[in-house]
Structures are given as C-alpha cells and as structure tokens.
Amino acid sequence: MSALRAADLPLYYNAVSILEDNLAQRADKEALFSDTRTMTFAEVSAEVNQVGNALVSEGVRPGESVALLCLDVPEFVTSYFGCLKIGAVVASLNTLLTPAEYAYMLEDSRARILIVHAALLDRVLPARDQMRWLERIIVIGDAPDGTTAYRAWIEGQATDLDAAPTQRDDFCCLNYSSGTTGEPKGILHAHKDLPLTAHNWGKNVLGLREDDRTFAAAKLFFTFGTGGNLIFPWYVGASVVLMAGAPRDPNNVLGTVSTYRPTILYNAPTGYSMILAIDGLEDAYDLSSLRLCVSAGEALPAPIWHAWKSATGLDIIDGIGSTENYHIFLSNRPDDIRPGSSGKPFDGYEVRIVDDAGADVPDGEVGNLLLKGESAALFYLHQYAKSQETFLGPWLFTGDKYRKDEDGYYHHEGRSDDMLKVGGIWVSPMEVESALIGHPAVIECAVVGATDAADLVKPKAYVTLKTGHAASPDLERDLIGWCGEKIAAYKRPRWVVFVDELPKTATGKIQRFRLRELG
Ligand code: 3UK
C-alpha cells in the first residue's frame with residue numbers, strides 16, 4: 001500500500017495508459033454504462049482514437065487546449081481521452097456558467113476547438129463573437145449551421161492511433177475554479193497527477209477494486225467527478241456509470257443507482273441531505289448494490305453522516321480535495337472514520353496548520369491549512385499575483401481553516417477568504433451582492449455564509465434599504481426571487497436580514513467577518 005511517486009512513472013508517460021492498460025486484460029469488460037450507450041474498454045479505446053485522429057486532422061498539436069463543454073455522456077469520456085492521447089490539454093468547462101464566463105475561458109485557454117453537447121450550445125453561441133481563437137465547434141447531437149456534428153466528425157477516422165510521447169510533467173487538463181473577485185482561475189494538471197491521485201487516494205485510501213462500479217452525482221467537468229468517476233476506477237479496471245441528468249434531483253441519482261447498481265457513490269453533502277429528505281427512501285429505491293459512499297466539495301456535518309448510516313447502513317468517506325490538488329488530500333478511510341471530520345493525511349501528502357506568520361499552531365488550535373504533495377498544480381494560468389499567494393514553493397495555501405484534534409483527525413473550520421461552498425460549488429459573495437444591488441429597493445448589501453437546518457452553508461444577505469421601502473417578509477421573498485432570476489438558483493440568498501447600516505472599516509470596506517459573527 002505504499003505511495004506512488006512521480007519518479008516511479010516513466011519520464012515519457014501519457015495518462016491515456018489508464019484507459020489502455022485495460023485492453024490487455026479486460027478489453028471486453030464494460031468500461032462505462034449510460035442511458036445512451038454501454039461501452040467496453042475496447043469500444044471506448046477505438047472511439048478515443050477516432051477523436052484523437054479527428055483532432056490531429058484539425059492541426060491540434062501537443063500542448064494546445066481543446067475546450068470540452070459536455071454533460072456526463074460517453075462522448076465526454078471519448079473526447080477527454082482523445083485530447084490526452086494526442087498530448088492536447090483538455091479544458092473541461094463547468095456546465096452551469098453564462099456565455100460571458102465561457103467567453104473568458106475560451107480566451108484564456110485559447111482553444112481553437114470546442115466540443116460541446118447540443119443541450120449546452122445555447123450557453124455559448126451568444127458570446128461566439130468574443131471567442132477570437134475559436135475556429136470550430138463540434139456538437140454532440142444535432143449540429144446547427146456553422147457547426148460540425150461529432151458523429152460526422154469522427155466517422156471515417158481510423159480506430160488506431162499511437163499515443164503522443166508526452167512527458168509525465170506535461171499538462172493534460174485545465175479546470176477553472178472561482179475566486180472571490182474577478183476572473184476564474186485556470187488550473188493545469190500534468191499527466192502524472194492522474195495516476196498519482198488514482199493510486200494514492202483511489203486505490204490506497206478508498207480501496208477501489210476491479211469489481212467496483214462507481215457512480216458520481218458530481219459531474220465529470222469537476223475534478224471530483226473526473227477523478228472519482230473516470231480516472232480512478234479505470235486505473236484499477238473498474239467500470240463507471242454516467243448520468244446526464246441534473247445531480248441535484250435526488251430521484252435522478254437514486255434512479256441511476258437502482259438501474260445500474262453501482263458499488264460506490266460520490267456526492268456532495270447537500271446531495272446526501274436531499275436524498276435523506278425523501279419519504280420512504282428505502283422502499284422507493286434499491287440501494288443494495290452500494291458498498292461505500294464518498295462525500296467532498298464542502299464539509300459533511302456529522303448529523304448527516306449518522307442519518308445516512310441509519311437510513312442506508314452505509315458509511316460515508318468524507319475527504320477534502322481541491323481543483324488545485326486535482327483531488328482529495330485529507331481523508332477518512334473505510335476502517336477509520338470520524339464523522340464530522342475530514343479524517344487524516346495519507347501517504348503521498350503532508351499537511352501543516354500554521355498561523356498567519358507561517359508558524360505551526362499547537363494541536364487543537366485553528367490555523368491555515370498548507371498542503372504538500374506531487375499532484376498539486378504549479379500556478380494559475382495568466383494570474384501571477386494570485387499564483388504567488390497560493391503556490392508557496394512545495395506548499396500550497398489551501399485557503400481553508402483547520403484544527404487537528406487530540407486523536408489526529410482534521411476538522412474544517414471555514415475559509416480564510418470570503419468564498420462559500422454551496423452544495424459543493426463555489427459561490428462568490430460579490431456575485432450575489434451585485435445581483436442584489438440591482439434591485440430598486442437596495443442601497444447596500446453584503447453576503448456571508450450561514451448554516452441551514454442540516455448544518456450546510458447557504459448564502460445569507462444583509463441589506464440596507466432606500467427610503468420609501470420598508471423591511472417585510474414580502475420584500476425578503478422578492479429579493480430572493482430577484483436573485484434567483486439574475487444568477488444561478490443555488491447562489492441566491494436563502495435569508496435576507498434588513499439592517500440600518502453595514503459594518504465597515506475606516507476606509508469604507510464592508511467587514512463580512514463581522515456579519516459572520518452575528519450568525
Ligand atoms: C472545500 C471541503 C470541507 C474546501 C474537490 C474533492 O471541492 C473540490 O474542489 P474545489 O476546487 O474546492 C476546494 C475547496 O472546497 N472542500 C472540498 N471538500 C471539502 N471542505 N470538507 C470537505 N470534504 O474549501 C476546499 O479548499 O471546487 C473535492 C475532489 C476534487 C475536488 N476538486
């Protein structure tokens with residue numbers, strides 16, 4: 001069970017071998033299940049080669065970015081590995097964003113080719129003229145004029161292809177994460193990071209096995225999903241279940257579990273909490289195939305862990321990961337779980353909890369969590385200043401506040417910035433504030449995290465009103481509904497508190513931490 005190190009991999013290493021190592025031993029085993037297609041490893045590999053050949057025929061060279069905006073369908077997987085195989089960098093984009101955000105990412109990544117699911121094309125086309133590097137749009141599904149259909153694009157391409165001789169340190173994927181202010185942060189990972197995380201967490205900690213079948217409510221565009229539901233299971237020869245539908249609908253998730261009978265379920269805490277709210281859960285759905293569950297994206301409160309255990313008999317493994325590190329770096333383990341904690345470090349990673357001057361804090365005290373491990377990214381693309389604050393030589397500043405208890409378990413105590421994780425997804429308070437400020441009744445506002453009945457963080461707004469507008473439950477509902485229309489629904493405040501003024505510094509900066517203290 002020893003850790004895999006970068007130096008254990010060959011210098012010339014292409015992560016497509018995670019797929020292809022299966023060809024010798026289990027070519028005809030199901031690699032993936034989905035509502036549209038079930039594919040064996042041999043079938044996936046053949047289509048990956050067609051995608052790779054199609055990309056090469058477009059002139060795509062190693063190191064170049066290819067953008068992928070796709071639901072969790074087999075074509076996500078074939079496109080992803082097709083990019084890896086030719087040495088391109090696959091930029092898998094969050095499917096919940098706005099045209100302006102896609103325009104930013106296509107500019108930042110300089111992708112010439114975008115592979116997009118037909119259901120998401122409307123999110124991109126309005127900003128098409130701002131995407132100056134983009135030359136071709138490949139559509140999975142019906143392709144309107146000016147775009148190319150994926151099927152036609154790969155048809156006639158050869159089903160064999162030699163992998164590009166990439167180095168293990170060459171970048172292979174790009175994911176965007178949100179920050180408090182300004183632009184999304186582009187995070188590049190190298191080929192080596194995929195086997196390192198697969199081995200050191202997926203295999204050694206989670207204990208994935210060849211006879212497993214994984215299923216993630218967390219989507220593949222997110223590294224929690226790509227790692228957990230694609231890279232790690234294939235690394236051990238297991239199969240994956242893909243669900244194109246919305247993960248926030250617990251009936252989608254449970255229906256998929258009943259139909260495809262996965263052994264491992266990955267979800268965010270909110271996902272578990274929503275499932276637990278279903279009446280007669282055990283009678284309605286067959287969960288008997290599951291042997292273990294995983295939670296990440298935000299802290300899993302102990303009450304949810306216990307409620308899930310008593311409703312289903314299943315343990316949840318909570319682990320903290322980040323896009324910067326590709327995947328989980330502190331984790332509970334199947335034979336060692338402390339509900340309400342993020343568990344302990346494991347082989348391959350070291351962590352420290354330090355004060356603001358960088359000195360280690362004594363056990364039991366809260367400090368900043370630093371992380372050291374070989375799967376960590378090196379910088380944020382095109383963001384020098386932000387990179388300098390985060391990537392501190394071998395140590396990564398996670399932005400998380402942590403405390404280590406007397407038994408060595410690590411407890412998440414919040415963030416050192418104002419960012420919120422809602423349902424496992426980043427929410428910047430400033431984005432919610434700019435939606436609120438557009439409302440005719442609002443003078444000023446500030447948004448902070450507050451916990452709901454299940455102990456999960458949701459946005460809470462503090463608002464000052466223009467004269468002529470009075471605080472009322474109706475106005476609270478109106479403001480919440482207003483935000484729900486302007487920004488993604490999960491970002492809307494769940495509570496609005498009307499105040500006479502907001503706490504500010506001498507220079508007029510709103511002190512969100514004071515509002516957090518109000519609770
Ligand atoms: C928070 C957690 C407490 C924490 C992720 C697993 O969430 C992932 O990546 P992101 O880049 O966000 C990272 C931040 O989210 N967080 C995540 N998991 C936990 N806080 N307990 C947890 N279990 O603030 C962290 O810094 O979106 C998670 C695997 C891959 C991932 N990308």
Side-chain angles (χ1 to χ4, degrees), residues 92 94 96-97 173-180 184-189 193-194 196-198 200-202 205-206 214 216-232 266-272 293-302 304-305 316-333 337-345 349 351 353 366 368-371 373 375-377 380 390 396-403 409-428 449 451 455-457 490:
S92 43
N94 184 330
L96 305 169
L97 304 179
C173 59
L174 173 60
N175 289 82
Y176 284 91
S177 185
S178 332
T180 349
K185 297 171 290 187
I187 299 169
L188 286 155
H189 279 286
D193 302 342
L194 279 50
L196 289 179
T197 47
N200 295 335
W201 182 78
V205 174
L206 187 61
T214 65
K219 296 279 130 183
L220 285 176
F221 67 74
F222 185 32
T223 62
F224 180 33
T226 348
N229 205 37
L230 184 59
I231 305 300
F232 305 173
Y266 302 87
N267 212 338
T270 315
Y272 290 108
C293 301
V294 176
S295 175
E298 60 182 318
L300 178 72
I304 300 183
W305 193 96
I316 304 180
I317 303 298
D318 183 8
I320 176 177
S322 68
T323 311
E324 283 81 349
N325 190 56
Y326 193 76
H327 218 267
I328 289 175
F329 52 85
L330 260 182
S331 184
N332 286 281
R333 48 195 91 208
I337 300 176
R338 173 149 306 180
S341 85
S342 312
K344 296 176 176 173
Y349 296 103
V351 296
I353 302 177
V366 176
N368 299 309
L369 187 76
L370 300 183
L371 164 69
S375 67
Y380 295 123
T390 305
L396 178 89
F397 185 87
T398 61
D400 292 295
K401 296 281 186 191
Y402 261 84
R403 166 179 64 84
Y409 296 92
Y410 285 71
H411 297 258
H412 191 250
E413 301 286 346
R415 296 269 319 160
S416 60
D417 51 22
D418 290 319
M419 292 296 284
L420 311 177
K421 267 304 190 80
V422 179
I425 317 179
W426 287 120
V427 174
S428 162
T451 47
D455 227 13
L456 295 168
V457 173
Y490 68 89

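For ligands, and for the atoms within them, numbers begin at 1 and follow the listed sequence. This is a predicted model, so every value here is computed, not measured.
- Between the side chains of Asn229 and Thr214, at least one donor N or O lies within less than 3.5 Å of an accepting N or O.
- Closest non-hydrogen pair, Thr197 versus Leu194, comes out as OG1-O, 3.1 Å.
- On a distance-only criterion, Gly297 and ligand 1 share at least one N/O pair closer than 3.5 Å.
- Contacts with ligand 1 closer than 4.0 Å are made by backbone heavy atoms (N, CA, C, O) of Glu298 only, the side chain lying farther away.
- When heavy-atom distances to ligand 1 are checked against a 4.0 Å cut-off, His327 comes that close through both its backbone and its side chain.
- The Asp318 neighbourhood of ligand 1 comprises atoms 22 (C), 23 (N), with distances under 4.0 Å to a heavy atom of that residue.
- Taking CZ of Phe221 as the start and CG of Leu97 as the end, the distance is 7.5 Å to the nearest 0.5 Å.
- By the side chain to side chain donor-acceptor pair (under 3.5 Å) test, Tyr326 is found to be paired with no residue, residues two or more places apart in sequence or in another chain being considered.
- Annotation for ligand 1: atoms under 4.0 Å from non-hydrogen atoms of Gly319 are 18 (N), 22 (C), 23 (N).
- Among all non-hydrogen protein atoms, the one lying nearest atom 11 (O) of ligand 1 is Thr323 OG1, 2.6 Å.
- In this structure, the protein non-hydrogen atom closest to atom 13 (C) of ligand 1 is Gly321 O, 3.4 Å.
- Summary of contacts: the protein heavy atom closest to atom 14 (C) of ligand 1 is Trp426 CZ2, 3.5 Å.
- Ligand 1 places these atoms under 4.0 Å from at least one heavy atom of Ala299: 3 (C), 20 (N), 21 (N), 22 (C).
- Using the six-membered ring where Trp is involved, Phe232 and His327 have ring planes that are perpendicular, over 60° apart on the 30 and 60° scheme.
- Short contacts between ligand 1 and Arg415, defined as distances under 4.0 Å to a heavy atom of the residue, involve ligand atoms 24 (O), 26 (O).
- Of all atoms in ligand 1, numbered sequentially from 1 with element shown, those under 4.0 Å from a heavy atom of Tyr326 are 30 (C).
- Shortest contact from atom 7 (O) of ligand 1 to any protein heavy atom: Lys421 NZ, 2.9 Å.
- Among protein heavy atoms, the minimum distance from atom 32 (N) of ligand 1 is reached at Thr223 OG1, 2.9 Å.
- Contact annotation: for Leu300 versus ligand 1, there are no heavy atoms closer than 4.0 Å.
- For the residue pair Asn175/Thr223, the side-chain donor-acceptor check at 3.5 Å is not satisfied.
- Heavy atoms of Asp400 found under 4.0 angstrom from ligand 1 belong exclusively to the side chain.
- Smallest separation of non-hydrogen atoms from Ser295 and Ala268: OG-C, 4.1 Å.
- Checked against the 6.0 Å centroid criterion, the rings of Tyr402 and His412 qualify as a close aromatic pair.
- Once rounded to the nearest 0.5 Å, the distance linking CG of Asn94 with CZ of Phe222 reads 9.0 Å.
- Of all non-hydrogen atoms in Tyr266 and Leu206, the two that sit nearest each other are OH-CD2, 3.7 Å.
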